[in-house]
Each structure stands twice: as structure tokens, then as C-alpha cells.
Amino acid sequence: MHQIIIQYWQSPAGELILGSYDEKLCLANWRYKKTHEQVNRRLQKGLKAHFVEAHSDVIAETIKQLDEYFSGKRTVFDIPLELVGTEFQKSVWQGLMQVPYGTTNSYVQLAEKISNKKAVRAVANANGANAISILIPCHRIIGSDGTLTGYAGGLEAKDKLLTLEKINT
């Protein structure tokens, strides 16, 4: 069986579980997320792998880039990613990666971005299933009325990330 190498990392916004598979990042999830176990099962099943806590060059580079992000020195990540989900979920996550640093979109705008404007609820669900927080910036999605909406790391973490990016909510 294959392995997903994991490490725990305390970010300024909360603790993350970072995971790599085949020299790609497949996990940057909030450790105490409600749906944490669902994401883990999806990754293990999709990659036919189990978790092993160990060193990974990809995770080390991810931590370096996250440190740069949190210190205001990085706005774009350059980490190879392994997306594990349905084709629809992957299209949503690709759409999220097109939301630039320092900006936000609503779920409606994200649905339009992936050319599926009637799938707002499905887009919201796929957004919530994102296993690679921060690098795939689901925190940049807010309510149509400009309010903060649910976030896997909690609204406090979302607010910290948006404040870091100088987005007024």
C-alpha cells in the first residue's frame, strides 16, 4: 500500500495537517475541522494509501512557503498539488486557484467562473470539501452580501487570512 506522508504544523491561524503523496501536496487541512475524517477517508481511498508521519521535501517546501505567506512575503504558491476528488470538485478547486490574492468572490461568482452558474450549492459543497486549505484559497469565498460564511478552519481563521491579505470584510 502507498503512503501519504503527514506532518502537523502550527500556523498563525490554526494547526494544519500537511500531507504529501508522490512528491505532491495532497493535504493542508485544519486539524480540528469537523469534516476532517471525511477528507482523510477520501484521500486514503482515492490514493489507495495510508497515513505515515515522516519527513517530506514537499511538506518542508510547503511550510517554507506558508511561512512566507504569513509574513506577507508571498502571494502565490508554487507547490505541486495532487487533487483527490470528483471531476466537478476539481473544477471548483481550479476555479478557487484563479481567485487572486487580496480579492474575494461569492459562491455565485465561483459557479460562474467554472461555467456552471446554476450549481451554487454544489460549488459551496465542493468548496467545503477542499483538502488543501490556504494554497487552494477557499477562504477567499464569501457570501453574496459580503459576509463571512462557513470555513473549515473556523470563521476566526478565515478572518485572519483575509485580514492578512488586507481584505476588509
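All values derive from a computational prediction rather than experimental measurement.
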Quiz item: Looking only at heavy atoms, which two atoms of K113 and V99 are closest? And how far apart?
Solution: NZ-CG2, 4.2 Å
Self-check item: Atom pair OG/CG of S91 and N116 - distance to nearest 0.5 Å
Solution: 7.5 Å
Self-check item: Shared hydrophobic cluster, Y8 / Y21 (ILVMFWY, side-chain heavy atoms < 4.5 Å)
Solution: yes
Practice problem: Kindly check if the number of other-residue, nucleotide or ligand heavy atoms within 6.0 Å of NZ (K117) is above 12? | Solution: no
Practice problem: Before giving the answer on side chain to side chain contact (heavy atoms under 4.5 Å, CB included), spell out for T75 and Y69 the whole-Å C-alpha distance, their side-chain angles and the decisive distance to 0.1 Å. | Solution: CA-CA 6 Å; T75 60; Y69 169 81; over 6 Å; no
Self-check item: 4.5 Å side-chain heavy-atom contact, H55 and Q7
Solution: yes
Exercise. Taking the side chain as every heavy atom from C-beta outward, state whether I79 and E61 have any atom pair closer than 4.5 Å.
Key: yes
Quiz item: Does some side-chain heavy atom of L148 sit less than 4.5 Å from a side-chain heavy atom of K158?
Solution: yes
Self-check item: Heavy-atom side-chain contact between L110 and V92 under 4.5 Å
Solution: yes
Quiz prompt | Minimum heavy-atom distance S56-I5, with the two atoms named | solution = CB-CG2, 3.8 Å
Practice problem: Using atom types as modelled and distance alone, determine if a side-chain donor or acceptor of W30 lies under 3.5 Å from a backbone N or O of A157. | Solution: no
Self-check item: Approximate separation, where rounding is to 0.5 Å, of L164 CG and F70 CZ
Solution: 6.5 Å
Quiz item: For the atom pair CG (L16) and CD1 (I63), what is the distance rounded to the nearest 0.5 Å?
Solution: 9.5 Å
Exercise. Quick one: closest heavy-atom pair of F51 and I6, and the distance?
Key: CD2-CG2, 3.3 Å
Quiz prompt | Side-chain donor/acceptor of R140 to backbone N/O of L96, under 3.5 Å | solution = no
Exercise. Considering non-hydrogen atoms only, spot the tightest contact between V39 and A131 and give its length.
Key: CG1-CB, 3.5 Å
Quiz item: Is the side chain of R74 donor-acceptor paired with the backbone N or O of K64 at a distance under 3.5 Å, no angle test?
Solution: no
Quiz item: At what distance, to the nearest 0.5 angstrom, does OH of Y107 lie from CZ of R121?
Solution: 12.0 Å
Exercise. Give the C-alpha distance, both sets of side-chain angles, the deciding distance and a yes or no for side chain to side chain contact (heavy atoms under 4.5 Å, CB included) between L66 and L135.
Key: CA-CA 8 Å; L66 283 167; L135 288 86; 4.0 Å; yes
Quiz item: Can you check whether W93's main-chain N or O pairs, donor with acceptor, with N130's side chain at less than 3.5 Å?
Solution: no
Practice problem: Could you tell me whether the side chain of E23 reaches within less than 4.5 Å of the side chain of E82, counting heavy atoms only? | Solution: no
Self-check item: C138 side chain reached by S133 side chain, heavy atoms, under 4.5 Å
Solution: yes
Quiz item: What is the ring orientation for H139 with Y151, classed by angle as parallel under 30°, tilted 30 to 60°, or perpendicular over 60°?
Solution: perpendicular
Practice problem: Please check if the side chain of Q89 supplies one atom and the backbone of T86 the other of a donor-acceptor pair under 3.5 Å. | Solution: yes
Exercise. Give, for atom CG of L25 and atom CD of Q65, the distance between the pair rounded to the nearest 0.5 Å.
Key: 10.0 Å
Practice problem: For L161 and A13, work out which heavy atoms get closest and say how close. | Solution: CD2-CB, 4.3 Å
Quiz item: Got more than 12 heavy atoms from elsewhere within 6.0 Å of CD, E156?
Solution: no
Self-check item: Spacing of CD1 belonging to I17 relative to CG belonging to L27, to within rounding of 0.5 Å
Solution: 6.0 Å
Practice problem: Please report the closest heavy-atom contact between I4 and A49, naming both atoms and the distance. | Solution: CG1-CB, 3.7 Å
Quiz item: Are any side-chain N or O atoms of S11 and backbone N or O atoms of G14, one a donor and one an acceptor, separated by less than 3.5 Å?
Solution: yes
Practice problem: Before giving the answer on salt bridge (Lys or Arg N to Asp or Glu O under 4.0 Å), spell out for E15 and R31 the whole-Å C-alpha distance, their side-chain angles and the decisive distance to 0.1 Å. | Solution: CA-CA 6 Å; E15 189 171 12; R31 185 168 186 186; 3.0 Å; yes
Practice problem: Check for a donor-acceptor pair, side chain of Q109 on one end and backbone N or O of S106 on the other, with a separation under 3.5 Å. | Solution: yes
Exercise. Show your working on side chain to side chain contact (heavy atoms under 4.5 Å, CB included) between I132 and L83 and close with a plain yes or no.
Key: CA-CA 8 Å; I132 307 176; L83 305 179; 4.0 Å; yes
Self-check item: Working for side chain to side chain contact (heavy atoms under 4.5 Å, CB included), residues Y101 and V76
Solution: CA-CA 7 Å; Y101 180 96; V76 176; 5.8 Å; no
Quiz prompt | Close side-chain approach of I142 to L162, heavy-atom, < 4.5 Å | solution = yes
